[in-house]
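Heavy-atom basis, side chains included; hydrogens, waters and symmetry copies ignored. Below, read A as the first sequence line, B as the second, and so on, with proteins coming before strands; counting in each chain starts at 1.
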There are 2 protein chains.
Amino acid sequence: MSNTLIPCCPPLILQHLSPIDAEQLASMFRVLGDPSRLQLLSLITAQPSGAACVCELIEPLGLSQPTVSHHLKVLFDAGFLTKERRGTWMYYRVVPQTLQALYSTLQPPAVGAEAVVIR
Amino acid sequence: MSNTLIPCCPPLILQHLSPIDAEQLASMFRVLGDPSRLQLLSLITAQPSGAACVCELIEPLGLSQPTVSHHLKVLFDAGFLTKERRGTWMYYRVVPQTLQALYSTLQPPAVGAEAVVIR
DNA sequence: TCAATATATTGACACTCATCAATATTGAGA
DNA sequence: TCTCAATATTGATGAGTGTCAATATATTGA
């Protein structure tokens, strides 16, 4: 009732982080560590269709076309976006599972989380 | 049953992200975008007492003392750690609320999340 | 006050990366 | 095939940053 803890989301803990895991995880956070890329994720998500072409993203970001393409490539390579051709346009779409997986790494093992959800 | 969605965690959406919010959020992710800093958070959390002094963190990280102090300062300045003097030692402790707040920004408004949890 | 220990700061260097201009590539239509 | 529009790539540049050696600061104990 008055419990302020979200049932499925126990306190965040980074457990047994090997150097390799740390580098992998850090590389994902590094991708999100740029305001333009966060705005891209936000803008694409905000589209009614859930997808956006490059030309729709240039003006709201206030960056050059090559720079926007660069950021989209970084997001794509990291698995945050998918892309699909439609004629000359390339439509990008957010992959929610990637963000989901990312912050799952900040939580205790899924077993414990599952248990809390189920019981 | 066969629903793969976690009840309390609807698809991640970054909504209405202003340039200022984007920069603030990105700066937090940037702090986590370094493997040494992730390892520091992991190591400190793993301590039975929940706290660790600098001298305990140097050897497992394999970095120089000034570099470890530097990373601790970055984490402290961003609100991921607290510090407390005990004699000549300085003990650092993880602030779970900061990590919690960080990934809350990746989710839809709490209202929607609450609703999903309750039903 | 002095010495020893723990931590923080400074300065320098190498490396990464965000950005743009210029150019290349791709696809559609004539 | 040619042209045009949309996107991607290349190369260059400047800003940021992770790292260390050297040094400074702070605390304890004699």
Parallel, tilted or perpendicular: rings of B:F76 and B:Y92 (30°, 60°):
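It falls in the perpendicular class, over 60°.
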Can you check the [X] [atom1] to [N] [atom2] distance for me, whole Å?
| X | N | atom1 | atom2 | value |
| --- | --- | --- | --- | --- |
| A:K73 | C:dC20 | NZ | P | 19 Å |
| B:L63 | D:dT17 | CG | C1' | 14 Å |
| A:W89 | D:dC4 | CH2 | P | 16 Å |
| A:D34 | D:dG16 | CG | P | 13 Å |
| A:L75 | D:dA8 | CG | C1' | 15 Å |
| A:L61 | C:dC20 | CG | C1' | 15 Å |
| A:L32 | C:dA18 | CG | C1' | 16 Å |
| B:L72 | D:dT17 | CG | C1' | 17 Å |

Is a donor-acceptor pair below 3.5 Å formed from side chain B:Q65 to base C:dA6, judging by atom type as modelled?
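Looking at the base of C:dA6, it does not pair with any donor or acceptor on the side chain of B:Q65 (distance under 3.5 Å).
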Would one find a side-chain N or O of [X] under 4.0 angstrom from OP1 or OP2 of [N]?
| X | N | answer |
| --- | --- | --- |
| A:R86 | D:dA6 | no |
| A:S36 | C:dT19 | yes |
| B:H71 | D:dT17 | no |
| B:T67 | D:dT19 | no |

A:R30 vs A:P66, nearer the 5' end of DNA chain C by closest nucleotide:
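On the 5' side of the pair lies A:R30.
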Pick the nucleotide of DNA chain C nearest each of A:V68 and B:I58; which residue has the one closer to the 5' end?
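Per heavy-atom nearest nucleotide, the more 5' residue is B:I58.
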Regarding B:S42 and B:T45, is there a side-chain donor-to-acceptor distance under 3.5 Å anywhere?
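No pair is found: no donor N or O on one side chain lies under 3.5 Å from an acceptor on the other.
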Let's test this: given Watson-Crick or G-U wobble pairing with both distances under 3.5 Å, identify the partner of D:dA30.
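Result: C:dT1.
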Got B:P66 and B:H70 here, is their nearest side-chain heavy-atom distance under 4.5 Å?
no
I want to check something: taking the side chain as every heavy atom from C-beta on, are B:L75 and B:V94 in contact at a cut-off of under 4.5 Å?
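With C-beta onward as the side chain, the pair stays apart.
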If you look at every strand shown and take non-hydrogen atoms under 4.0 Å, does B:Y91 touch a base, only sugar-phosphate, or nothing?
nothing
Check every strand shown and say whether A:Y92 touches a base, only sugar-phosphate, or nothing at a heavy-atom separation below 4.0 Å.
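Sugar-phosphate only.
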Please figure out whether B:H70 or A:T88 has its closest DNA chain D nucleotide nearer the 5' end.
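Closer to the 5' end of DNA chain D: A:T88.
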Test your reading of the model: is there a side-chain donor-acceptor pair from A:R37 to the backbone of A:V31, 3.5 Å cut-off?
yes
